Structures are given as structure tokens and as C-alpha cells.
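For reference, the structure is listed below as C-alpha cells.
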Amino acid sequence: MTTKTGRKTRGGATDKAAVSALLDRQKRTYAAAAGIRLRNTPAPLYQALMLAILLSARIRADIAVASARALFDAGMRDPRAMAKASWQDRVDALGKGGYRRYDERASTLLGRGADLVLDRYGGDLRRLRAESAPEKALLDIPGIGPTGVDIFLREVQGVWPEFAPYIDRKALDGARLLGLPASPAKLEGLVAERDMPRLVDGLVHAALDKPLAHEILAAAGAT
């Protein structure tokens with residue numbers, strides 16, 4: 001069998017070589033790159049939600065990450081601070097991160113989303129986690145669609161383990177591209193539990209960056 005890159009797929013130990021090469025290049029998750037220290041506490045969970053909103057747009061991941069950091073640097077680290085900030089404050093912070101094409105729309109969505117999180121959950125997304133269908137509840141938050149749900153749950157699966165392994169369609173695209181098993185259970189068996197979020201983000205990165213996928217395959221010795 002041949003992958004989309006034209007490389008032959010591998011199995012067993014060579015799958016581990018590909019995963020090792022991927023993790024060597026994906027040193028941290030998107031959340032960690034944005035400066036989020038994920039814990040099951042209100043502020044970092046909200047920050048992961050903000051990042052999911054920004055990453056949902058048709059914009060480069062590095063710009064979304066930089067824009068999240070700019071919002072945090074401007075003091076918008078929790079829903080109360082986000083709601084209190086003016087629309088222009090949010091636009092200005094997003095612009096500093098390079099999020100210029102979608103900055104006005106994102107500012108509106110972030111403000112409305114903060115209001116909803118405060119009104120419905122008292123600013124604590126652990127209350128959303130406790131709902132019967134958290135995935136559906138996330139869709140009520142402005143700026144979060146199916147892609148945003150995938151991004152958020154990918155990032156928080158390390159602290160919300162009931163969702164692990166959370167491997168969405170984009171991550172599975174990356175797995176197929178690298179000739180890895182397109183099975184969440186099999187992929188989970190290739191890494192330690194703590195590395196699962198980083199593996200999934202790496203697979204997404206490979207799906208979005210074909211030269212990176214080729215580099216991983218070459219480092220893993222695929223022929």
C-alpha cells in the first residue's frame with residue numbers, strides 16, 4: 001500500500017519510528033505554544049476555548065497561536081476579562097498577533113462567547129464538562145462549530161481523559177499521509193498517555209504541511 005506522499009506504508013516498529021520522528025518535530029501542542037498551561041481549572045480551559053475559536057478560521061495555525069498569546073498578554077485570560085475588554089481592545093490585540101483578516105469578526109465572537117460562558121457556566125467550563133453532551137454544548141458558544149469542537153477536545157483530552165483518545169478527521173488525514181494506522185485505538189498504543197495530545201496535534205500539522213510529512217517519512221526511513 002502507498003500513502004498520498006508516494007511512500008510505502010509501514011507497520012509495527014516502523015510505525016513507532018514515524019511517530020518518534022513526528023514528536024521530534026512537534027515539541028509541544030498548539031495550546032502549549034500559545035502559552036497555555038493546561039489544567040482542569042477555569043482559566044486554562046477558557047484559554048483553550050479561545051484558541052479553538054481562533055484556530056477555526058481559515059488562517060495559519062502559527063498566526064492563530066500568536067494572536068492568542070497577544071490576547072493573553074493584553075490581560076484577556078479569562079471570560080470576565082474578555083467580556084470587560086472593549087471590542088477595539090480585542091481587535092488591537094488580535095492585530096498584534098497578525099490576525100488581521102478576521103480580527104473584527106473574531107473580536108465580536110470572543111466577546112459574545114465570553115458572555116455566554118459567564119452567563120451559563122459562571123466562567124467555569126468544568127460545568128460544561130458535566131453536561132450530558134459536552135460536544136453539543138460547545139456548539140452553542142459563538143465561534144465554535146464542529147471544527148472548533150474538534151480542536152478544543154483535541155487540546156483538553158489530557159485533562160478531560162474521558163474524551164481520550166480524541167483523534168479527529170484532520171488528525172486521521174495526517175495519520176494516513178504518514179502511513180500510520182487510521183485507528184484511534186492503534187494510534188493510542190504508539191505513545192505514552194501524556195504524549196497523546198502532542199501526537200494528535202502533530203498529525204494535524206502533518207496533514208496541513210505536506211513538506212513536513214515528507215520530512216517525517218524520510219527521517220523514519222520510509223522508502
Side-chain angles (χ1 to χ4, degrees), residues 4-5 18-38 43-77 82 85 89-110 113 141 143-159 166-178 191 195-219:
K4 294 177 184 177
T5 63
V19 167
S20 178
L22 185 153
L23 293 178
D24 282 346
R25 289 154 180 79
Q26 189 77 27
K27 297 293 188 185
R28 51 189 180 172
T29 63
Y30 289 123
I36 302 169
R37 296 184 178 181
L38 264 176
L45 291 173
Y46 176 71
Q47 291 161 20
L49 182 73
M50 289 171 57
L51 180 62
I53 291 171
L54 297 178
L55 283 168
S56 295
R58 294 181 178 274
I59 199 163
R60 290 203 327 261
D62 61 329
I63 292 176
V65 167
S67 298
R69 293 190 73 104
L71 288 164
F72 303 153
D73 288 345
M76 291 171 250
R77 292 180 167 270
M82 182 66 74
D89 287 339
R90 295 191 293 266
V91 169
D92 291 346
L94 290 164
K96 288 180 181 178
Y99 208 86
R100 295 184 181 86
R101 185 177 176 187
Y102 302 101
D103 53 353
E104 295 185 357
R105 180 174 184 272
S107 175
T108 299
L109 292 173
L110 288 167
I141 299 173
I144 293 289
T147 297
V149 171
D150 283 343
I151 294 168
F152 178 76
L153 293 178
R154 270 195 339 238
E155 295 300 316
V156 304
Q157 63 181 301
V159 294
Y166 196 90
I167 304 175
D168 63 2
R169 285 177 293 179
K170 183 61 70 175
L172 289 175
D173 287 345
R176 293 186 189 97
L177 195 63
L178 297 176
V191 293
D195 289 327
M196 197 66 207
R198 189 158 58 101
L199 171 65
V200 178
D201 275 3
L203 292 172
V204 171
H205 195 174
L208 297 172
D209 186 345
K210 300 305 187 291
L212 174 65
H214 283 284
E215 180 183 327
I216 292 167
L217 287 167

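None of the values given here were measured: they were computed from a predicted structure.
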Checklist entry - What residues, two or more places apart in sequence or in another chain, satisfy salt bridge (charged side-chain N to carboxylate O under 4.0 Å, His left out) together with Arg25? => result Glu215

Item to check | Atom pair CG/CZ of Leu203 and Arg176 - distance to nearest 0.5 Å | outcome: 11.0 Å

Checklist entry - Taking atom CD of Gln26 and atom CG of Leu212, what is their separation to the nearest 0.5 Å? => result 8.0 Å

Item to check | Lys210 side chain reached by Leu177 side chain, heavy atoms, under 4.5 Å | outcome: yes

Next on the checklist: Under a 3.5 Å distance rule, please check whether Asp201 uses its side chain to pair with a backbone N or O of Tyr30 as donor and acceptor.
Outcome noted: yes

Listing, residues 66-76 side-chain donor-acceptor contacts under 3.5 Å, not counting sequence neighbours, or none:
unit_1: Ser67; atom_1: OG; unit_2: Ile63; atom_2: O; d: 2.8
unit_1: Ser67; atom_1: OG; unit_2: Gly97; atom_2: O; d: 3.3
unit_1: Arg69; atom_1: NH1; unit_2: Ala33; atom_2: O; d: 2.8

Checklist entry - Considering only heavy atoms from C-beta outward, does the side chain of Lys170 approach that of Asp150 to under 4.5 Å? => result no

Checklist entry - Nearest heavy-atom pair of Ala31 and Leu38: which atoms, and what distance? => result CB-CD1, 4.1 Å

Checklist outcome for this item: Smallest heavy-atom separation, Ala106 atom then Tyr99 atom, equals CB-CE2, 3.6 Å

Checklist entry - Quick one: does Glu104's side chain get under 4.5 Å of Leu94's, heavy atoms only? => result no

Cut-off 3.5 Å, no hydrogens considered: what does the side-chain donor-acceptor table look like for residues 43-61, sequence neighbours left out?
unit_1: Gln47; atom_1: NE2; unit_2: Arg77; atom_2: O; d: 3.1
unit_1: Ser56; atom_1: OG; unit_2: Ala52; atom_2: O; d: 2.6
unit_1: Arg60; atom_1: NE; unit_2: Asp62; atom_2: OD1; d: 2.9
unit_1: Arg60; atom_1: NH2; unit_2: Asp62; atom_2: OD2; d: 3.0

Next on the checklist: So, using salt bridge (charged side-chain N to carboxylate O under 4.0 Å, His left out) as the criterion, who are the partners of Asp168 when residues are at least two apart?
Outcome noted: Arg154

Checklist entry - Any idea which heavy atoms bring Ala213 and Leu178 closest together, and the distance? => result O-CD2, 3.6 Å

Next on the checklist: Run the salt bridge (charged side-chain N to carboxylate O under 4.0 Å, His left out) test against Arg198 and tell me which residues pass, sequence neighbours left out.
Outcome noted: Asp195

Checklist entry - Which pairs pass salt bridge (Lys or Arg N to Asp or Glu O under 4.0 Å) with one or both residues in residues 90-102, sequence neighbours excluded? => result none

Next on the checklist: Just verifying a value: how many Å separate Ile216 CD1 and Asp24 CG, rounded to the nearest 0.5 Å?
Outcome noted: 9.5 Å

